[in-house]
Number of protein chains: 4
Amino acid sequence: MPPIVSEEYKRQKKKEILNSALACFAKKGFQAATIDDIVAHSSISKGAIYNYFKSKEEIYLELMNEQTNETNELLTEKINSFQTATERLLYLFDLYISIDPFDPDRKETIVVHYEFRLHSSRDENLRLLLQERGNRFFIDFVTKIVEQGVKTGEFKKDINPIMVANLFWTIIDGATVQAVLYKEYPYQNILECMKGMVMDTLLETKS
Amino acid sequence: MPPIVSEEYKRQKKKEILNSALACFAKKGFQAATIDDIVAHSSISKGAIYNYFKSKEEIYLELMNEQTNETNELLTEKINSFQTATERLLYLFDLYISIDPFDPDRKETIVVHYEFRLHSSRDENLRLLLQERGNRFFIDFVTKIVEQGVKTGEFKKDINPIMVANLFWTIIDGATVQAVLYKEYPYQNILECMKGMVMDTLLETKS
Amino acid sequence: MPPIVSEEYKRQKKKEILNSALACFAKKGFQAATIDDIVAHSSISKGAIYNYFKSKEEIYLELMNEQTNETNELLTEKINSFQTATERLLYLFDLYISIDPFDPDRKETIVVHYEFRLHSSRDENLRLLLQERGNRFFIDFVTKIVEQGVKTGEFKKDINPIMVANLFWTIIDGATVQAVLYKEYPYQNILECMKGMVMDTLLETKS
Amino acid sequence: MPPIVSEEYKRQKKKEILNSALACFAKKGFQAATIDDIVAHSSISKGAIYNYFKSKEEIYLELMNEQTNETNELLTEKINSFQTATERLLYLFDLYISIDPFDPDRKETIVVHYEFRLHSSRDENLRLLLQERGNRFFIDFVTKIVEQGVKTGEFKKDINPIMVANLFWTIIDGATVQAVLYKEYPYQNILECMKGMVMDTLLETKS
DNA sequence: TATGAATGAGTGTTCATTCAT
DNA sequence: CATGAATGAACACTCATTCAT
C-alpha cells in the first residue's frame with residue numbers, strides 16, 4: 001500500500017506536533033507536561049501523535065535535536081557573509097546580545113533547553129549524541145574562527161583557539177542561565193563587557 | 001517523661017533522609033525519583049519519611065535550602081581571614097577552581113542544583129525565595145568585595161562593582177554548567193584564564 | 001469523522017459505573033468502598049472510570065443526585081392523574097406503603113441514601129444543594145397538595161399546610177429509618193396507621 | 001504485679017478518651033476522624049489510647065454503647081416519678097421536645113449516632129447487639145407504658161401497645177433526622193402536634 | 001503504663017501507551 | 001491514517017497499629 005498522504009503533509013503534521021510539544025514542555029517542563037496537554041494545544045488526536053512519534057521521550061528528543069539544528073544553521077548561515085575572524089566573532093557576540101532572554105516565551109524555551117541538557121547527563125547515549133552534535137560542534141565552530149584569526153594575524157600568535165572557544169560558550173551559557181533565573185541580570189551589558197574583554201585579549205594591541 | 005528520642009536523633013534521621021533523597025534526585029532527577037527510591041536507598045520506611053517531611057516537594061526544598069546555606073557559609077567562612085579585596089576575590093576564584101566538577105557525586109549534585117534553579121523559574125513564589133536567599137546574596141557578596149577594592153584604591157575607580165559581581169557569577173555558572181555537560185571542558189584552565197582577565201581589568205595597571 | 005462512540009454508549013457506560021458504585025457503596029459504605037471494588041464489580045478499568053468521573057466523590061454525588069431526580073420524577077409523574085388533594089395525598093402514602101424497605105437491595109440503597117444525607121450535614125455546600133433539590137422540593141410538593149385541599153374545602157380551614165408537609169416527611173423518614181434498622185418493624189402497619197391519623201386530622205369530620 | 005494505678009484512674013482515662021473520640025467522630029465522622037485527631041483533642045498519647053482500647057472500631061463501639069446506656073438511663077430515671085401512663089407518655093414526648101437538635105454540638109452527636117446505626121446494618125453481629133440493647137429496649141419501654149394505660153383504663157381498650165410504641169419512635173427518629181438535615185424544620189411544633197394526635201388517639205374521648 | 005517513632009498495606013488518582021473502530 | 005476510549009502500572013501520601021524505650 002503506497003503512502004496515502006504526501007511526505008510534505010507528514011512533515012507538516014510532525015512540525016505542528018513539535019511546536020505544540022515545545023509550548024507545553026516550555027510551560028510545564030518535560031515531565032509535568034502530558035500528552036493530553038499536547039493534544040489540547042495542537043488539536044491533534046492522541047492516536048495521531050503516536051503515529052508520528054513512538055513515545056513522549058521521542059518527541060522531546062526530536063524537539064531538542066531540531067533546536068540544535070536550527071541553532072547550528074543560524075550560526076553558519078550568515079557567518080560566511082563576514083570575511084575576517086574579528087567580524088565573525090563580533091557577529092557571534094552580537095547575535096547573542098540581540099537575543100532577549102527575558103521575553104517570556106524565549107525564556108521558557110531556554111529553560112527547556114537547559115533542562116534537556118542537564119537531563120542528558122543521566123543518559124550516556126544521549127550525552128554522547130549531544131556532545132557530538134552539540135558541544136563539539138559549537139566549540140569547533142568558534143575554534144575555527146579563532147584559528148583563522150591567528151593565521152591571518154588578526155589575533156595574537158600565542159592565543160589558544162580551543163580555550164577561546166570554550167571561553168566564549170562559557171560566557172554565553174553563564175549569561176543565558178543567569179538571565180533566565182535572575183530578573184535584574186544585566187544581560188546585554190555583561191555580554192558587551194565580555195565581548196570587550198575577549199576581543200582585547202585576542203587583538204594585537206598597538207603600543 | 002522527656003521526648004522519646006533526642007532532638008539530635010531526629011536531626012540525624014532527617015539528615016539521613018536528605019542524603020538519600022539527594023542521591024536519588026541526583027541519579028534520576030526530582031520528578032523521576034520516587035519516594036520508594038528514597039525508601040530503598042535509605043532503608044527508612046515510607047511512613048517514617050513522612051513523619052519528617054510533609055511531601056516530596058518539601059524534601060526537595062529543604063535539600064536545596066540546605067545546599068544554599070552550605071554554600072553561603074562556605075563563602076563567608078574564610079573570607080574574613082583575607083584582608084584586601086584582591087585577596088578576597090582571588091580566594092573566591094580559587095575556591096571554585098579547587099572544586100572538581102567532574103567527580104561523579106559532585107557532578108550529580110550540581111545537576112540537581114541547576115535543575116532546581118530552572119524548576120524554580122516556573123514557580124513565582126519559589127523564584128522569589130531563591131532570588132532573596134540565592135542570587136541576590138551571591139551578587140551582593142561579590143559586589144561588596146569589589147566596592148571595598150574600589151574604595152581602598154586597589155581597583156580602578158571607574159569599575160562598576162555590580163557589573164563585576166554579575167560577571168563573576170556568569171563565569172562560575174557558565175563554567176560549572178559546561179563542565180557538567182561536556183567531559184573535555186577545561187574547567188580549571190578556563191577559570192584561571194577568566195581570573196586573569198577579570199583581575200587585569202580591575203587592577204590599576206602600572207604604566 | 002464523528003465521535004468514536006455514540007453518546008448513548010457513553011451514557012450506558014456511565015450508568016454501568018453508577019450501578020456498580022451503588023452496589024459497592026451499599027455493601028460497604030462510601031468511605032470503605034474503594035475504586036478497586038467498583039473496578040472488580042463492574043469489570044471496567046480504573047482508568048475508564050476516571051474518564052467518566054473525575055473523583056470518587058463525584059461518583060457519589062452523581063449517584064445521589066440521580067436518586068433524588070428519580071424520586072422527584074416518581075412523585076410528580078402520576079400525581080396529575082389524581083384530581084383531588086385527598087386522592088393525591090392518599091397516593092403518596094400508598095406509594096411509600098407499597099415500597100418494601102426490607103428487600104435487601106432496597107434496604108442497602110436506603111442506607112446509602114441516608115448516609116449521604118447525614119454526610120452532607122458536614123459540608124455546607126452539599127447541605128445547601130441538597131436542601132434546594134431535596135428537602136425543600138419534597139416539603140413544597142406536599143405543601144401544595146395540602147393547600148389545594150384547603151382551598152377546595154376538602155380539608156379543614158385551620159390546617160397549616162407546611163406543618164402537614166413536615167409531618168408527612170417526618171413519618172416517612174422515621175418509618176424508613178426504623179425499617180432499615182429493625183427487622184421486626186411493622187412498616188406497612190405504621191404507615192397505614194399514620195395515614196389514618198393524618199387524614200382524620202385533615203378531613204372535615206361530619207357531626 | 002498488682003495494678004499500679006487505681007481502677008478509678010483507669011475509668012477516668014477511658015472516659016477522657018471516649019469524650020475526645022466523640023468530639024472527633026462528631027466533627028468528621030467515624031471514618032474520617034483519625035487516631036491522631038483524638039490524640040490532638042485529648043492530649044493523650046497514641047500508645048496510651050491503645051492501652052485502653054484495642055482498635056478505633058472498639059472506641060466507636062464503646063462510645064455508642066455508652067450513649068445507648070445513657071439514653072436508657074435518662075428514660076428510666078425519672079419515669080417512676082410519674083404514676084399514670086398518660087403522665088409518663090407525656091413526659092417522654094416533653095423530654096424529646098425539650099432537646100434542641102439544632103444546637104451544633106448536639107446536632108453533630110446526633111449525626112454520629114445515626115451514622116452508627118446505619119453502619120450497624122452492614123454487620124449482622126452489631127445489628128443484633130443494637131437490636132437487643134437498642135431498638136427492642138426502646139420499643140418495650142414504651143410498650144409497657146401503653147399496656148399500663150390500657151390496663152388502667154386511661155387509654156382505649158382496642159389500642160395496640162406495640163404499634164403505639166413503634167409509632168412513638170418512628171416520630172422521634174423522623175423528627176430528629178429531619179431537624180438535623182433541614183434547618184427550617186419546625187421540630188418542636190411537629191412533636192407537639194404529634195403528641196396531640198397520639199394522645200387523642202389513645203385517650204377515651206368523652207361524648 | 002506512657003510515649004511517639006516506625007511500619008507498610010492500602011488509597012485515590014494520573015498518564016503514557018494501545019488498539020478497535 | 002485518525003480517533004479517543006480503555007488500560008493498568010505507578011505514584012504520592014495516609015493512617016491504624018505496633019513496640020522499643
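These numbers come from the heavy atoms of this one structure, side chains and all, not from hydrogens, waters or symmetry mates. Note on naming: letters A, B, ... go to the chains in the order of the sequence lines (proteins, then strands), and numbering restarts at 1 for each one.
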Contact class for D/F53 (heavy atom, under 4.0 Å): base, sugar-phosphate, or nothing?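 The answer is nothing, as D/F53 stays clear of every strand by at least 4.0 Å.
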
Check: B/Y114 ring centroid to A/Y114 ring centroid under 6.0 Å: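 Between A/Y114 and B/Y114, which both carry aromatic rings, the centre distance is not below 6.0 Å.
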
Ring-ring centroid check D/F116 D/Y60, cutoff 6.0 Å: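 Yes, close enough.
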
Presence of [X] side-chain N/O under 4.0 Å of [N] phosphate oxygens OP1/OP2:
X     : N     : answer
A/S45 : F/dA2 : no
C/K13 : F/dA6 : yes
B/Y52 : E/dG4 : no

Partners passing side chain to side chain donor-acceptor pair (under 3.5 Å) against [X] (at least two apart in sequence or in another chain):
X     : result
D/S42 : none
D/Q67 : D/H113
D/K27 : none
C/S45 : none

Donor-acceptor check, side chain of B/E58 to backbone of B/K54, threshold 3.5 angstrom: yes or no?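 Yes, the answer is positive, given that a donor and an acceptor are paired below the 3.5 Å cut-off.
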
Give a yes or no on whether the backbone of C/I17 and the side-chain of C/S20 come within a donor-acceptor separation of less than 3.5 Å.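 Checked: no pair found.
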
Find the distance [X]:[atom1] to [N]:[atom2] and express it as a whole number of Å.
X     : N      : atom1 : atom2 : value
A/Q12 : F/dA2  : CD    : P     : 13 Å
C/I38 : F/dA6  : CD1   : C1'   : 17 Å
B/I17 : E/dA6  : CD1   : C1'   : 11 Å
C/I49 : F/dT7  : CD1   : P     : 10 Å
A/E58 : E/dA16 : CD    : P     : 15 Å
C/E16 : F/dA5  : CD    : P     : 15 Å

Any donor-acceptor pair under 3.5 Å linking the side-chain atoms of D/K13 with those of D/Y9?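 Present: a donor and an acceptor within the cut-off.
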
How does DNA chain F read in dot-bracket, base by base from 5' to 3', with Watson-Crick or G-U pairs under 3.5 Å and | used when the partner is on another strand? .||||||||||||||||||||

In the 5'-to-3' direction, what one-character label does each nucleotide of nucleotides 11-18 of chain F receive under the scheme B = base within less than 4.0 Å of a protein heavy atom, S = sugar-phosphate only, - = no such atom? SSBBBSBB

